[in-house]
Structures are given as C-alpha cells and as structure tokens.
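Notes follow once the structure below has been shown.
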Amino acid sequence: MGKVGLGVAVGVAVATCAVAAVMVGRRVRRRRRWRRVVAVLEEFEEACATHVGRLRQVVDAMAVEMHAGLASEGGSKLKMLLTFVDALPNGYNKYIVTYYVHLLSEKGTYYALDLGGTNFRVLRVQLGGNSSDRSAILRHDVDRQAIPPHLMTSTSEDLFDFIASSLKQFVEREEGFSELSAVKRMELGFTFSFPVKQMSILSGILIKWTKGFAIEDMVGKDVSEPLQQAMSKIGLNMRVAAFVNDTVGTLALAHYHDEDTVAAVIIGTGTNACYLERADAIIKCQGLLTTSGCMVVNMEWGNFWSSHLPRTSYDVDLDANSPNPNDQGFEKMVSGMYLGEIVRRVILRMSEESDSLGSISSKLSAPFSLRTPLMAAMHEDDSPDLRKVARILNDDLEIPDVPLKVRKLIVKVCDVVTRRAARLAAAGIVGILKKIGRDGSGGVTSGRTKGLSKVRRTVVAVEGGLYTNYSMFREYLNEAVTEILGEEISPHVILRDTEDGSGIGAALLAAAYSSPNVDTAQLL
C-alpha cells in the first residue's frame, strides 16, 4: 500500500471513528434523558406512596378532626355542618318510625333537583304508598343537562332562571300536568352540593363555591330562595320541601333500602361525605332538639387536611394556581376535577426532561386540558400497543408519535395518581367508621380511642362517577378499606354503589318532610 492509500485508509478510519463517536454520544445523551424521564416517575411514585401505616395515620387524623369540628365552630378544617335531617326514610330503625309511616302513606309524585357540578339533573319519583315491599318507589324519570359555562360565573338570577325553565319543561312532559298543577302544589327536594350552613330543612346559606363556580352575589345568602323565586316567576307551582346536600340525599336513599347504612360518600367531580351522628355528640350545638336523638352531619371533607397526606410538588403547584389556594386540599388529591390535571403536570415535566414526547405543545401546557375521563381511558387501555393512549395523546394533547415505552410510562403515571386518590378516599371512609365506633373500636372521645367493641354490620353508600364508572379506582378503594380494617373487621363493612341517590333521596326526603304533621329538628 502506498502513502496515498495509507492516508486514505487513515482518513476513512478517522471519519468512521468520528461518526461512531457522534452516534455513541447521541445514544448516551438519549439514555441520560430517558433516565431523567424515568426518574420523574420514580420520584413522583415515591412521593405518592400510601402504605397502610400512612393510611392509618390519615384515618386517625380524620377521626380527630371530626371530633374537633363537632366541638366548636372553626375548631377544625372539617366544617361538620348540621343538616337538620334528624330522620331517614326506612321504617325499621327505632329512630325513624315517624317519618317512615308518613312516607309509606304517601301516594303521588315528587320531584328533585340535583345541582352539584357542571351538570344538573331533574327527577320525577312516583311513590306507591302502603306497599308490603320495602321499597315503595314505583318509577323514576331523570333528565340531565349541562350548565352553560358562563352561568357558573354570572348571577344567581341568571343561573336559577335557567334551571327553573328546564325544570318546568321537564314537569310539563308529564301527562296531565296543567290540570294537576292548578289543583295541587308539587313538592321538590333540592340537592345542592356546595358548602352550605343549613338553617332549616328548607333553607341554607352558601358558605363558598367550589368546582369552578364563582357567583359572587350568592355567597352568604339563602340558596333555596332564588330558586323559589325563579319557579314562581314562570308560574311553576312547586315548593322546596327539603333542601339537602348530595351526600344526604345518597344517605337517605341507601338507608331507605338498608337500615345499616350509616354514611354516604360522593366521589365524582368533587368529593364529600356525611354520616349519622348522635345529637349529644354535637357539642357545639347543645340546644339541638331532635325527635330521633340523631342528626345527619355534612362533613365537607373536601377541606380535610393532615400532614400525613402524601403531597407532591405537583399538588403544591396545582393548589397555588387554583382559584382557591390553601383550600379543599383533600378534594384536590381525590376528586375527578383534579386527577387528570395532576397527570398532565407530570407529563409536562417529563416533556421538559426529554424529547421523547417531542416539542411541548400548547395543549400540554394548558391547565386542565387533560380531563379525568381521558386519564381513566388511558389507564384502562388494555390493548397490546396502547393505541387508545396514543390517540388521546395525539388528539387531546397534540403529542404525536409517542413511542410505546413512553406510553407505558404515562399509563403508570395514571396508575400512581388513581391509586393514591382511591386509597386516601378509603382512609377517609374508615376515619368516619372510627369516629362512630364501626371500625372495631369504640369510637373517638377527646381524640382517644376506646377498646374493642362488638363489630356491627355497617353499610357505606358511595356515589359518583369516579367510583361508579372507573373500575380501577373502585378496585383500589375497596382493596384499601379491606387492608386498613384487617381481615377480622372488613367483612362487616359493605361499600354499596348507590345509583341516582342524590336525586331520588332528595325526592324521598321531600315526601317525608312535606307533611305538616312532621316535627323538624331545631336549635333552641
């Protein structure tokens, strides 16, 4: 080989080495970026950990905060609001015979309005009366409508004019409406799923808005009055006979079918819980008079907070940028309003660490662009190539051609967020049971637990799309309740999926409280 040939060979070798070095360098950089993406997930998963020890700490904190909220106004993050529902339709419990006798003697049609999120429902419930069957509900009809976004921040008059008009159209579809309305006033159960200070079974003052509503002229005022005015304005002969929270409606329906139901939980767009408490345990209301010795308490548990909750930097940023910072902390970790947004924030962080997701799109950067139903669909995608995940990333977040290994990471993010939410909700439920001594202990007195007591059959009604429609969420929640309670106690606790309880339950309460002969709870 001559000098020229040798020079060429050396040049080729150098070029080859240079190309190889570039390729190796790129591969090393890709691996480093990939490791950073994986590290984002690993750090997030560790921060979201909900081992059973931590869950039991949340249980204890929930029970103690409940006690504090019952002891004094402002004594707890939990408002523990009176509902003035001191009896539940059932008939087999010694506390509620009076109301059940009235309820089963009713024959007729009752209505319900369920306002609790971005949609509202109107219901018509027909009661048979004097039925030998436990349930005298012969039929019910439901109509669901979306609330136009602009009405969520408009005025109370605009909102309730729209709702009253929709309610009237629904009622008029009933055959013979005009003749009926001219003779007999119709009774309505109004379910209102926002923090309210209940003044009576008929009325309540709005404390604050949640779930994206911000109608300023309603805060601090009675909620049922503008609805009553709107119905009167359009000639709808209907009266609000029971003004209740959605959890109370769910508890009423579940208790109607099973007298062992002691609590109800809503896990949907928002989250809340209520339960049946002894009247003498409500220390802040010593002048409370009830016919049953009990009172349904609206916890407003979305505002629960404890240092034991596994909060991450994503939760902190979400809260800081929300319309209500430092408020509704539990709800922001558990409810459907926020789960998709937490996942979006984690995906955005992954995109900032690697080019595996391409350039950051405007959709990915937009808050709440990933709704929780889409997150659930990605989580439950069981196709081998995760094609549904790819479609949602492309269509809804404008992230095309995401590699399969990255799609698998995104599914894992969805799993971490969902598992944490479900297990925290489970801890909240067990916290209620602990407070009333249905977890195998004697309940909570002054923050201390009593010894073991006889375990009673206990039913907790659960309603809301997150629990009803999201199978992975439901499985994680049920699993956690069993894990926290243990094998000896858990068989005695039943979580019952309750359908349309917030609506039908309100109609049942309207029937029960529409009689002029029924005594209602009151404060001296």
Note to self: Keeping R438 on the side-chain end and R457 on the backbone end, is there a donor-acceptor pair under 3.5 Å?
What the structure shows: yes
Next item on the list: Mind checking side chain to side chain contact (heavy atoms under 4.5 Å, CB included) for S232 and listing every partner two or more places apart, or none if nothing turns up?
Entry: Q228
Check: Are any side-chain N or O atoms of K284 and backbone N or O atoms of G69, one a donor and one an acceptor, separated by less than 3.5 Å?
Finding: yes
Margin query: Going by the rule ring pair (Phe, Tyr, Trp, His ring centres under 6.0 Å), which residues pair with Y470 if we only count those two or more places apart in sequence or in a different chain?
Written below: H379
Check: Partners of D141 by salt bridge (charged side-chain N to carboxylate O under 4.0 Å, His left out), sequence neighbours excluded?
Finding: R124, R139
Next item on the list: Name all residues meeting the ring pair (Phe, Tyr, Trp, His ring centres under 6.0 Å) criterion together with Y476; count only those two or more places apart in sequence or in a different chain, and write none if there are none.
Entry: none
Notebook entry, point to check: Applying the side-chain contact (heavy atoms from CB on, under 4.5 Å) test to F473, which of T468, T372, L466 qualifies?
Noted result: L466
Margin query: By the side-chain hydrogen bond (donor to acceptor under 3.5 Å, both in side chains) test, which pairs, at least two apart or in different chains, include something from residues 76-85?
Written below: E65-S76
Checklist line | Note, L188 side chain near L227 side chain (heavy atom, < 4.5 Å) | finding: yes
Item checked: For A112 against A506, the heavy-atom pair lying closest together -> CB-CB, 4.1 Å
Check: Are the side chain of E380 and the backbone N or O of M472 linked by a donor-acceptor pair below 3.5 Å?
Finding: yes
Notebook entry, point to check: Mind checking what makes side chain to side chain donor-acceptor pair (under 3.5 Å) contact with S203, not counting sequence neighbours?
Noted result: S200
Notebook entry, point to check: N478 and Y467: side-chain donor and acceptor closer than 3.5 Å?
Noted result: yes
Check: Would D217 and S156 count as having a side-chain donor-acceptor pair, cut-off 3.5 Å?
Finding: yes
Notebook entry, point to check: Shortest non-hydrogen contact from E463 to D500?
Noted result: OE2-N, 3.2 Å
Note to self: If you define the side chain from C-beta out and look only at heavy atoms, does anything of L477 sit under 4.5 Å from I267?
What the structure shows: yes
Next item on the list: Can you sort out the partners of W209 under ring pair (Phe, Tyr, Trp, His ring centres under 6.0 Å), two or more places apart, ordered by chain and number?
Entry: F192, F194, F213
Notebook entry, point to check: So, does E341 use its side chain to make a donor-acceptor pair with the main chain of L318 at under 3.5 Å?
Noted result: no
Notebook entry, point to check: Who are the side chain to side chain donor-acceptor pair (under 3.5 Å) partners of T247, not counting sequence neighbours?
Noted result: N245
Note to self: Please check: side-chain N/O of D86 versus main-chain N/O of M295, any donor-acceptor pairing under 3.5 Å?
What the structure shows: no
Notebook entry, point to check: Would you say S306's side chain and V58's backbone share a donor-acceptor pair under 3.5 angstrom?
Noted result: no
Checklist line | Set of residues satisfying side chain to side chain donor-acceptor pair (under 3.5 Å) with respect to E331, sequence neighbours excluded | finding: Q328
Notebook entry, point to check: How would you list all residue pairs meeting salt bridge (Lys or Arg N to Asp or Glu O under 4.0 Å) that involve residues 246-257, not counting sequence neighbours?
Noted result: none
Check: Any idea which heavy atoms bring A68 and G75 closest together, and the distance?
Finding: CB-O, 3.6 Å
Note to self: Suppose the criterion is salt bridge (Lys or Arg N to Asp or Glu O under 4.0 Å): which pairs have a residue in residues 158-167, not counting sequence neighbours?
What the structure shows: D161-K233
Check: Is the closest side-chain donor-acceptor distance between S502 and R121 under 3.5 Å?
Finding: yes
Notebook entry, point to check: Which pair of non-hydrogen atoms, one from A425 and one from V334, has the smallest distance, and what is that distance?
Noted result: CB-CG1, 4.0 Å
Next item on the list: Check whether any side-chain N or O of S165 sits under 3.5 Å from a backbone N or O of F162 as a donor-acceptor pair, and report yes or no.
Entry: no
Check: Do the non-hydrogen side-chain atoms of L123 and V142 ever get within less than 4.5 Å of each other?
Finding: yes
Next item on the list: Would you mind reporting whether I201 and L509 have side-chain heavy atoms less than 4.5 Å apart?
Entry: no
Check: How close do I429 and W301 get, heavy atom to heavy atom, and via which atoms?
Finding: N-CZ3, 3.6 Å
Note to self: Run the side chain to side chain contact (heavy atoms under 4.5 Å, CB included) test on L485 and D439 for me, step by step, so that the C-alpha distance in whole Å, both residues' side-chain angles and the decisive distance to 0.1 Å come before the verdict.
What the structure shows: CA-CA 7 Å; L485 290 172; D439 69 328; 3.9 Å; yes
Next item on the list: Verify the neighbour count for atom NZ of K197: are there more than 12 heavy atoms of other residues, nucleotides or ligands below 6.0 Å?
Entry: no
Note to self: Tell me every residue that passes salt bridge (charged side-chain N to carboxylate O under 4.0 Å, His left out) with R474, counting only those two or more places apart in sequence or in another chain.
What the structure shows: none
Notebook entry, point to check: For the side chain of N298 and the backbone of C274, is there at least one donor-acceptor N/O pair under 3.5 Å apart?
Noted result: no
Notebook entry, point to check: Is it the case that more than 12 heavy atoms not belonging to E499 sit under 6.0 Å from its CD atom?
Noted result: no
